[in-house]
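The next block holds one structure in the form of structure tokens; read it before the comments.
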2 protein chains.
Amino acid sequence: MGTRGLNRERLVEIAHDFVSANGLDALTMRRLAVAAHVTPGALYKHVHGKRDLQRAMADAVYATVDLSDIDLSTPTVDQVITCCARMREAMLRFRDGARIVAGSYSPFAATANIAGTLRALLQAVTAPQFDAGDIAYALRNYTTGFVIEEQAYLALKSTGEWEHLVEALEPDARDLPGGMSDAVVILTDDRDKRYLAGLIAILTGTVNTRLTEPG
Amino acid sequence: MGTRGLNRERLVEIAHDFVSANGLDALTMRRLAVAAHVTPGALYKHVHGKRDLQRAMADAVYATVDLSDIDLSTPTVDQVITCCARMREAMLRFRDGARIVAGSYSPFAATANIAGTLRALLQAVTAPQFDAGDIAYALRNYTTGFVIEEQAYLALKSTGEWEHLVEALEPDARDLPGGMSDAVVILTDDRDKRYLAGLIAILTGTVNTRLTEPG
DNA sequence: ACCTGAACACCGTTCAAGT
DNA sequence: ACCTGAACACCGTTCAAGT
């Protein structure tokens with residue numbers, strides 16, 4: 001258990017640390033090798049290649065989702081919301097977390113666990129005219145889509161590129177029926193609130209219980 | 001107007017043709033140069049770099065969305081659904097279209113136009129307790145998330161990798177509360193129907209009119 | 001104005017050879 | 001079993017020079 005000798009788990013951890021410091025686009029096998037204090041070739045003893053590495057990174061993101069307080073024997077809409085919010089939090093915890101997760105098809109434990117939990121909860125609370133699997137899938141896709149946009153904004157913001165893009169978009173926004181100003185407002189504004197609003201929009205009407213009343 | 005002399009528009013077209021044949025991951029500036037019958041350096045007279053190219057490609061995807069039959073003076077939920085479905089169709093028309101579009105923040109005309117149209121339609125049909133901007137944003141994020149997953153599946157399927165991943169995931173799916181089998185079923189099954197189901201889930205309860213009845 | 005040629009500082013992956 | 005060293009066939013981007 002000494003710090004000598006690399007393994008898959010540790011390599012994924014180093015990769016996430018690197019991305020956290022430099023962004024996903026900067027992650028290369030060679031730079032990862034430097035960060036891991038090995039030669040590039042050594043990486044391929046722990047990981048099949050760059051695609052396999054990214055899949056393992058995706059599972060590591062979902063592995064941070066704590067589902068221990070979710071009680072499957074008493075499913076509620078609030079637990080569904082909690083579950084989705086934790087997915088989003090997990091992705092936000094890692095720089096470019098959503099892009100890492102999106103479309104990587106990690107077939108590992110953590111990914112399967114969260115997908116299964118969400119569906120099991122929904123099976124109990126979805127209204128009869130809807131399919132729990134459809135709703136679970138919609139919630140996951142909404143969440144991923146939302147956080148991709150969110151982290152793209154965060155990335156542009158940190159480099160100052162965001163301000164340039166907003167300026168470049170203003171002229172069009174005038175003679176078009178609304179332009180992209182909604183996205184600008186949503187991202188600039190309280191993103192937690194906006195995410196929750198979308199979540200509630202999906203669940204309202206698809207669920208057999210009354211949602212938490214305002215106030 | 002002869003075929004001599006490259007321009008930005010033509011370059012984006014060539015890039016999409018290349019991606020259509022080889023996939024987004026295979027697109028490099030050097031290979032694009034070959035496809036365009038120029039030297040790599042020449043590309044930088046038409047495009048600021050690879051990121052700018054991808055933004056232009058994203059706008060080209062949205063430019064294929066035909067909104068001419070959408071009548072903003074008589075907004076309906078059906079028109080909202082049509083609008084979203086056309087977004088999805090546009091992304092599906094291009095290989096890796098969703099990944100190209102996702103988080104690229106194309107501030108160009110076509111992107112702004114579709115976002116604005118969707119919001120304008122929703123302004124008229126959303127129930128009072130919801131914000132039209134939130135719903136429009138949720139619909140766009142759901143759609144992007146869905147198609148990313150869809151095209152990732154299509155890519156894995158075409159290389160035969162999909163079958164391997166499903167096999168690798170089966171053992172876990174047994175002792176977990178549902179595993180990822182929902183995603184497997186949804187993607188294997190009629191994807192158009194699944195997409196529509198999610199769309200309707202979002203709109204049910206958030207909209208001030210009755211949705212089309214079954215049958 | 002647009003393009004070439006050449007250069008610069010990099011990539012992912014493989015594999016014989018070492019320990 | 002894990003790692004090095006070296007090689008192979010590539011990258012994105014810049015820029016003086018040509019036309």
Side-chain angles (χ1 to χ4, degrees), chain A residues 1-19 21-58 96 99-100 103-105 155-156 159-161 164, chain B residues 1-19 21-58 96 99-100 103-106 152 155-156 159-161 164:
Chain A
M1 234 188 233
T3 167
R4 278 294 110 215
L6 200 54
N7 58 19
R8 189 179 227 262
E9 205 179 49
R10 179 76 191 112
L11 191 59
V12 169
E13 201 178 308
I14 295 168
H16 268 304
D17 287 347
F18 184 92
V19 170
N22 307 102
L24 183 61
D25 292 334
L27 178 67
T28 67
M29 296 303 270
R30 294 183 110 103
R31 298 211 258 241
L32 179 59
V34 172
H37 304 295
V38 289
T39 274
L43 300 179
Y44 292 81
K45 290 284 155 188
H46 304 284
V47 125
H48 295 324
K50 213 188 176 187
R51 286 175 66 84
D52 181 44
L53 171 69
Q54 192 156 318
R55 255 195 283 267
M57 289 175 77
D96 295 323
R99 257 169 78 207
I100 290 168
S104 84
Y105 276 108
L156 291 171
T159 58
E161 266 182 280
H164 289 110
Chain B
M1 236 189 226
T3 167
R4 277 296 111 214
L6 201 54
N7 59 18
R8 189 178 226 261
E9 205 179 50
R10 178 77 191 112
L11 191 59
V12 169
E13 201 177 308
I14 295 168
H16 268 304
D17 287 348
F18 184 92
V19 170
N22 307 102
L24 183 61
D25 292 333
L27 178 67
T28 67
M29 295 304 268
R30 293 181 110 102
R31 298 212 259 243
L32 180 59
V34 172
H37 305 295
V38 288
T39 275
L43 300 179
Y44 292 81
K45 290 284 153 186
H46 304 284
V47 127
H48 295 325
K50 213 187 176 188
R51 288 174 64 86
D52 181 45
L53 171 71
Q54 193 156 315
R55 256 197 281 268
M57 289 175 77
D96 295 322
R99 257 169 79 208
I100 290 168
S104 84
Y105 276 107
S106 159
L156 291 171
T159 58
E161 266 181 282
H164 289 110

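Per chain, numbering begins at 1; letters A, B, ... match sequence-line order.
Distance from the side chain of Lys50(B) is smallest for dG12(D) among the nucleotides dC11(D), dG12(D), dG12(C). The side chain of Lys45(A) lies closest to dC3(D), out of dG12(D), dT4(C), dC3(D). Ranking dT4(C), dC11(D), dG12(C) by closeness to the Thr39(B) side chain, first place goes to dT4(C).
By the side-chain hydrogen bond (donor to acceptor under 3.5 Å, both in side chains) test, Asp25(B) is found to be paired with Arg99(B), residues two or more places apart in sequence or in another chain being considered. Taking Thr39(B) as the reference, nothing meets the side chain to side chain contact (heavy atoms under 4.5 Å, CB included) condition, with sequence neighbours excluded. Listed by chain and residue number, Phe18(A), Ala26(A) satisfy the side chain to side chain contact (heavy atoms under 4.5 Å, CB included) test with Asn22(A) (two or more places apart in sequence, or in another chain). Applying the salt bridge (Lys or Arg N to Asp or Glu O under 4.0 Å) rule to Glu9(B) yields no partners; only residues at least two apart in sequence or on another chain are considered. Looking at residues two or more places apart in sequence or on another chain, you find a side-chain hydrogen bond (donor to acceptor under 3.5 Å, both in side chains) between Asp52(B) and Arg8(B). Residues that satisfy the side chain to side chain contact (heavy atoms under 4.5 Å, CB included) test with His46(B), not counting sequence neighbours, are Leu6(B), Leu11(B). When the side chain to side chain contact (heavy atoms under 4.5 Å, CB included) test is applied to Glu161(B), the partners found at least two apart in sequence or on another chain are Arg51(A), Arg55(A), Leu156(B), Thr159(B).
His37(B) has its NE2 atom 19 Å from the P atom of dC2(C), to the nearest Å. Protein atom CG of Asp25(A) is 13 Å distant from nucleotide atom P of dC11(C), rounded to whole Å. Across the protein-nucleic acid pair, Leu43(B) atom CG and dT13(D) atom P stand 10 Å apart, rounded to whole Å. The distance from atom CG of Asp52(B) to atom P of dG12(D) is 15 Å, rounded to the nearest whole Å. What separates CG of Leu11(A) from P of dC2(D) is a distance of 13 Å, to the nearest Å. The CG atom of Leu32(A) sits 12 Å away from the P atom of dT13(C) (whole-angstrom rounding). Here dC2(D) presents its P atom at 13 Å from CZ of Arg8(A), a figure rounded to the nearest Å.
The separation of dA9(D) from dA9(C), taken at their P atoms, amounts to 22 Å, rounded to a whole angstrom.
Comparing Arg51(A) and Arg30(B) against DNA chain C, the residue whose closest nucleotide sits nearer the 5' end is Arg30(B).
Taking only side-chain nitrogens and oxygens, Arg31(A) comes nearer than 4.0 Å to OP1 or OP2 of dC11(C). For the pair His46(A) and dA1(D), the criterion of a side-chain N or O lying under 4.0 Å from OP1 or OP2 is not met.
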For DNA chain C, the dot-bracket notation using Watson-Crick and G-U wobble pairs below 3.5 Å, [ ] for pseudoknot-type crossings and | for other-strand pairs, is ||.|||||...|||||.||
For nucleotides 14-19 of chain C, 5' to 3', base contacts (B), sugar-phosphate-only contacts (S) and non-contacts (-) with protein non-hydrogen atoms under 4.0 Å give BB----
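Using a distance-only test at 3.5 Å, with no hydrogens or angles considered, a donor-acceptor pair links the side chain of Lys50(A) to the main chain of Leu27(A). Remark: the backbone N or O of Gly23(B) is not paired with any side-chain donor or acceptor of Asp96(B) at under 3.5 angstrom.
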